[in-house]
Engineer: 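My questions will all concern the structure given below.
For ligands, and for the atoms within them, numbers begin at 1 and follow the listed sequence.
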Amino acid sequence: MKVAFSLVLCLIGFHGILASDCLPRDYGNDGTVCVCNTDHCDTVTPVEQESEGNYIIYTSNKAGLRFNIGRGTFTQNNLTAETINIDQNTTYQEILGWGGAFTDATGININSLSSETRTRLLRSYFSNEGLEYSLCRVPIGGTDFSTHGYTYVNETEPDVELNTFSLRTEDYQLKIPLIQAALNLSENNLKLFASAWIAPTWMKLNGQYAGTLGYLKTEMYQPWANYFLKFLEQYRNQNITFWGITTGNEPSLATTTSDIPSVAWTSTEMLNWINNNLGPTLRNSTFSNIAIMAIDDQRFFYPWYVDLLFINANVRNYVNGLAVHWYWDEEFPPSLLTSTHNEYPEKFILATEACLGDGDNDVPVLLGSWARGERYISSIIEDTNHWTSGWLDWNMALDETGGPTYINNNVDSPIIVNATADEFYKQPMYYAIGHFSKFVPRGSVRISSTQFSSDIPVTAFRRPDSGVVVVILNQRNEDVPIVIMDESRGKISTNLTASSFTTVLYW
Ligand SMILES: *[C@@H]1O[C@H](CO)[C@@H](O)[C@H](O)[C@H]1NC(C)=O
Ligand SMILES: *[C@@H]1O[C@H](CO)[C@@H](O)[C@H](O)[C@H]1NC(C)=O
Ligand SMILES: *[C@@H]1O[C@H](CO)[C@@H](O)[C@H](O)[C@H]1NC(C)=O
Ligand SMILES: *[C@@H]1O[C@H](CO)[C@@H](O)[C@H](O)[C@H]1NC(C)=O
Ligand SMILES: *[C@@H]1O[C@H](CO)[C@@H](O)[C@H](O)[C@H]1NC(C)=O
Ligand SMILES: *[C@@H]1O[C@H](CO)[C@@H](O)[C@H](O)[C@H]1NC(C)=O
Ligand SMILES: *[C@@H]1O[C@H](CO)[C@@H](O)[C@H](O)[C@H]1NC(C)=O
Ligand SMILES: *[C@@H]1O[C@H](CO)[C@@H](O)[C@H](O)[C@H]1NC(C)=O
């Protein structure tokens, strides 16, 4: 009796371990969040290899499923449903990673939680019971998601030698401890790259962090390159090393009246800066292998601005890849990325920033919005189907207002923190990224997949362990029977549930 009773408990417990369930909450925004607190947080178990002939299917949907696990076997039967054809022989780009940004706002919100809840949040992003984020962005100094603008030097008078350069309280309290915890939770699988927003006012033509004519003074080109190098050195002193660095966040902003701090570059000036300053400075340093990414701005720079940079063979040689943001994607098609890839097949393309709630008429935070999750996953599928090697979100955690941000640029985030209640909310956007980050490790390659309807976009990968991952978005408000056909395995017959994200895995 006792044995039987523990067996039952064990079986119930086993379910809990497999996928600790979502604690749903509906805020009336057409979808639900999962609530996490000191006592509870939904998890998803690490992927385990299935034997050949079997598959695993993970479903998240508007009705409330979150990484719900199903299993099945391939069939050789003739089936009549709409078919997605997978061709493992046709391969495309290699994947670099998935993740978000360690902004000051992210640190402030995570630190506002009790240590138990904070650990649950970090585990949700970085551990193998969470999304297993593999690539994150670290701002060099402040951004609009800081409580004030700042740089690493004293700005009372020009300091071209950077003698006053030092990391800030923000680095020591909001970034470094969280990055170190994330590196630990990810078992050092997490890679990082750095991007600068704010240059010292004395380096700039307009003498301000933000605003029009935000170009660098020519005589400041070398100090600005040295500034990047100093940042890398100071973080290395904290045992944090960087895989990559961008030429700077959104140069286009500093040609507008935007309050977002930025440094502007004409293509000629950026060419000169990379050629004479940034390239030689980094390649001659102990960081000589760092991946240099140019642009770090919207698709409208592609490929014309890249062409203007790569006219110079040295610049083309210094630059390893191109960083792209998503904010004007409705106006600028993904074919711009494909043309860029076709011109420069040796350069990777990485999507380095995205967020929602940023429009003038948007509500910054929409708790539970399934539509926002769909926007994320459809962008990831579209970008990866156009040669993008990874996709990064913006702030990893914001408060209930979508901040803090010192210029009131409040937006949404996949995790919203409620410090008062010591809880946080995982939005559908969190699961949207997770349907990739959890299952498609660095080093996977995209493989050919077909798509039978534009409202059911698909993409597919082969993992380093030879597993195949198929990610499907069902935007229809109804179940859709489908067949996945892989000549080397046979057919999978399944139903996509209404308004769902699906990841199918087989070896
Ligand atoms: C599948 O269809 C093909 C051609 O229509 C037929 O030759 C074959 O016997 C069918 N297989 C099964 C298992 O029904
Ligand atoms: C993939 O390549 C293998 C070996 O060359 C071949 O047998 C198979 O037919 C190919 N599959 C497809 C879908 O082209
Ligand atoms: C900057 O330098 C001035 C003059 O040396 C000094 O008074 C001030 O405290 C310094 N400010 C910071 C933030 O270090
Ligand atoms: C993570 O931290 C634990 C405890 O401090 C330590 O034992 C472990 O080696 C660390 N893991 C990594 C990958 O740094
Ligand atoms: C960096 O790592 C070394 C060796 O593990 C350790 O001794 C040192 O304390 C670490 N430094 C910091 C700032 O964490
Ligand atoms: C290193 O610096 C030297 C001297 O400034 C320069 O000629 C050389 O091109 C640089 N090396 C690289 C790899 O940029
Ligand atoms: C945050 O927590 C407080 C205190 O429990 C509660 O009053 C408030 O409604 C919560 N906010 C949200 C968005 O749930
Ligand atoms: C799909 O749904 C239909 C209708 O609900 C059902 O008859 C069928 O068995 C389902 N197919 C699979 C593979 O689950």
Engineer: Only heavy atoms of Thr494, strictly under 4.0 Å: list the atoms of ligand 8 that pass.
Structural biologist: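 Close to Thr494: 13 (C).
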
Engineer: Does any part of the side chain of Gln88, heavy atoms only, come nearer than 4.5 Å to the side chain of Ser448, both counted from C-beta?
Structural biologist: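 Ser448 vs Gln88: side chains apart.
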
Engineer: Salt bridge or not for Glu129 and Arg123, using N-O below 4.0 Å?
Structural biologist: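 Salt bridge between Glu129 and Arg123, a charged N being under 4.0 Å from a carboxylate O: yes.
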
Engineer: When you measure from atom 14 (O) of ligand 7 to every protein heavy atom, which one gives the shortest distance, and what is it?
Structural biologist: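 Answer for atom 14 (O) of ligand 7: Tyr27 OH, 2.7 Å.
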
Engineer: Heavy atoms of the protein only: does one fall short of 4.0 Å from atom 11 (N) of ligand 7?
Structural biologist: yes

Engineer: Counting from 1, what ligand 7 atoms have a heavy atom of Ala421 closer than 4.0 Å?
Structural biologist: 2 (O), 5 (O)

Engineer: For atom 2 (O) of ligand 8, which protein heavy atom lies nearest, and how many Å away is it?
Structural biologist: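 The closest one turns out to be Asn495 ND2, 2.3 Å.
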
Engineer: Using a strict threshold of under 4.0 Å (side-chain N to carboxylate O), is an ion pair present between Lys62 and Glu374?
Structural biologist: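 No, Glu374 and Lys62 are not salt-bridged.
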
Engineer: Is there a polar contact, in the sense of an N or O pair closer than 3.5 Å, between Arg283 and ligand 6?
Structural biologist: no

Engineer: Salt bridge check, Arg66 against Asp42: does any charged N sit closer than 4.0 Å to a carboxylate O?
Structural biologist: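 No, Asp42 and Arg66 are not salt-bridged.
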
Engineer: Go through ligand 8 atom by atom and flag the ones less than 4.0 Å from a non-hydrogen atom of Ser493.
Structural biologist: 13 (C)

Engineer: What protein heavy atom sits nearest atom 9 (O) of ligand 6, and how far away is it?
Structural biologist: Tyr318 OH, 4.4 Å

Engineer: Give the atom numbers and elements of ligand 6 that come within less than 4.0 Å of a heavy atom of Pro280.
Structural biologist: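 With Pro280 as reference, the close atoms of ligand 6 come out as 14 (O).
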
Engineer: Take Lys175 and Asp104 through the test side-chain contact (heavy atoms from CB on, under 4.5 Å) and record every step on the way to the result.
Structural biologist: CA-CA 7 Å; Lys175 292 181 188 170; Asp104 290 346; 3.1 Å; yes

Engineer: Ignoring angles and geometry beyond distance, decide whether Glu423 reaches within less than 3.5 Å of ligand 7 through its nitrogen or oxygen atoms.
Structural biologist: no

Engineer: Charged N to carboxylate O under 4.0 angstrom, Glu94 versus Arg462?
Structural biologist: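 Between Arg462 and Glu94 there is no salt bridge, as every charged N stays at least 4.0 Å from the carboxylate O atoms.
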
Engineer: Hey, is Arg372 close enough to Asp30 for a salt bridge, meaning N to O under 4.0 Å?
Structural biologist: no

Engineer: Which option wins on minimum heavy-atom distance to atom 3 (C) of ligand 6: Asn275, Asn284, Asn317?
Structural biologist: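 Residue with the shortest heavy-atom distance to the ligand atom: Asn284.
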
Engineer: Counting heavy atoms only, which part of Leu367 comes closer than 4.0 Å to ligand 7: side chain, backbone, both or neither?
Structural biologist: side chain

Engineer: Kindly confirm or rule out an N or O of Glu400 lying under 3.5 angstrom from an N or O of ligand 7.
Structural biologist: yes

Engineer: Which residue and non-hydrogen atom of the protein lie closest to atom 6 (C) of ligand 7, and at what distance in Å?
Structural biologist: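 Result: Asn418 ND2, 4.2 Å.
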
Engineer: Under the side chain to side chain contact (heavy atoms under 4.5 Å, CB included) test against Trp197, which residue among Thr103, Thr143, Ile140 passes?
Structural biologist: Thr143

Engineer: Would you please classify the geometry between the Trp370 ring and the Phe501 ring as parallel, tilted or perpendicular, with 30° and 60° separating the classes?
Structural biologist: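 Phe501 vs Trp370 ring planes: parallel.
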
